[in-house]
K.L.:
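Quick one: structure below, then a few questions.
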Amino acid sequence: MNDHLADPPAPAAPSALRPVRWEARCAVAGLALAGAAWLVRAVWEIRLATAGQPASGPPDQGDGRHRPPTSLEDGYHIVNALSEGAVVLCALLFLSWLWRVRDNARALSGEQARHSWIWMYLGWVLPLANLWIPRGLVVDIHRRGAPGRPLPSSVNWWWGLWLIGLFSGVGLMSADDTDELIARAYTDGWMLLAADAAIVGAAVAAVLVVRAVTAAQWERMAGTVPE
């Protein structure tokens, strides 16, 4: 009776499982830092909009000419650079956590991940693929690492807000330089603030994702490998 069928893959030995809480804490810290930095950027944009554009016009005067920036505009250059640096650091910490929970999910299920390792990087930057691959990575990790557990609703909130902040035209994928963003703050500040709100919301939701996925996986690992 179906003796010729192969046995289902067996979960890996406990030694194949790796502690994940430290990576989760670092990812949460990185997300909190990025969210806080983007919040400061939004506050600075409100200050620019409140102050109003100088009579001399926007910083970029056209034809390669730039007027001297105001102190508020100088501050925005610094805030914008720091917020972009915080996002890079956050990405590195989040990917480190994602790799760890991916390895544990594979060990717990005894099955290969749905997406090959290269998509851990390409999935975020390849056009079209970056619309669903990163979410698919998290969903697959959760289902393999904690089978039977419902997908946390924070995953969908995170991904929806992330896409809005990424592709809003003034968000993370915006091609505008800092002077162009300053000009937008003077004329269309609400667009910048909407993108900022989406990015900050995505960071908050991502914190909940990291905590939920880590907790579900750790409950299954408990008693199998010491943390």
K.L.:
Would you say I199 and W162 make side-chain contact, with heavy atoms under 4.5 Å?
P.N.:
no

K.L.:
Do R106 and D103 sit within salt-bridge range, that is, some charged N less than 4.0 Å from a carboxylate O?
P.N.:
yes

K.L.:
For a 4.5 angstrom cut-off between non-hydrogen side-chain atoms, does P58 reach E180?
P.N.:
no

K.L.:
For a quick check under 3.5 Å, do R220 and N104 share a side-chain donor-acceptor pair by atom type?
P.N.:
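Note: R220 and N104 side chains miss the donor-acceptor criterion.
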
K.L.:
Could you walk me through whether R41 and E45 satisfy the salt bridge (Lys or Arg N to Asp or Glu O under 4.0 Å) test, starting with their C-alpha distance in whole Å, then the side-chain angles of each, then the deciding distance to 0.1 Å, before giving a yes or no?
P.N.:
CA-CA 6 Å; R41 170 179 148 146; E45 289 162 357; 3.2 Å; yes

K.L.:
Please check this pair: side chain of E73 against backbone of T70, looking for a donor-acceptor N/O pair closer than 3.5 Å.
P.N.:
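Answer holds: yes.
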
K.L.:
Might you work through the salt bridge (Lys or Arg N to Asp or Glu O under 4.0 Å) test for D140 and R143, ending with a clear yes or no?
P.N.:
CA-CA 5 Å; D140 184 60; R143 287 177 177 169; over 6 Å; no

K.L.:
Any side-chain to backbone donor/acceptor pair from R102 onto I141? Under 3.5 Å, distance only.
P.N.:
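No.
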
K.L.:
For a 4.5 angstrom cut-off between non-hydrogen side-chain atoms, does C26 reach F94?
P.N.:
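In short, these two side chains do not touch, never coming nearer than 4.5 Å.
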
K.L.:
Are the side chains of V138 and W159 in contact, using a 4.5 Å heavy-atom criterion?
P.N.:
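When only atoms from C-beta onward are counted, V138 and W159 do not touch, as no gap falls below 4.5 Å.
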
K.L.:
Does atom CZ of R114 have more than 12 heavy-atom neighbours from other groups under 6.0 Å away?
P.N.:
no

K.L.:
Could you tell me if the side chain of R135 sits less than 4.5 Å from the side chain of N156, heavy atoms only?
P.N.:
yes

K.L.:
Going from CG on L48 to CD on Q53, what distance comes out if it is rounded to the nearest 0.5 angstrom?
P.N.:
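So the gap between those two atoms works out to 10.5 Å.
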
K.L.:
Any chance you could measure L166, atom CG, to L161, atom CG, to the nearest 0.5 Å?
P.N.:
12.0 Å

K.L.:
Answer yes or no: is there a donor N or O on one side and an acceptor on the other, between the side chain of H142 and the main chain of A212, under 3.5 Å?
P.N.:
no

K.L.:
Got E23 and T214 here, is their nearest side-chain heavy-atom distance under 4.5 Å?
P.N.:
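No; the side chains remain at least 4.5 Å from each other.
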
K.L.:
With distance as the sole test, does W124 use its side chain to make a donor-acceptor pair with the main-chain N or O of M120 at under 3.5 Å?
P.N.:
yes

K.L.:
Please examine the side chains of L181 and Y76, heavy atoms only from C-beta on, and report whether any two atoms are closer than 4.5 Å.
P.N.:
yes

K.L.:
Kindly indicate whether the side chain of W38, heavy atoms from C-beta on, has any atom under 4.5 Å from the side chain of V87.
P.N.:
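Side-chain contact under 4.5 Å: yes.
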
K.L.:
For the side chain of W44 and the backbone of L72, is there at least one donor-acceptor N/O pair under 3.5 Å apart?
P.N.:
yes

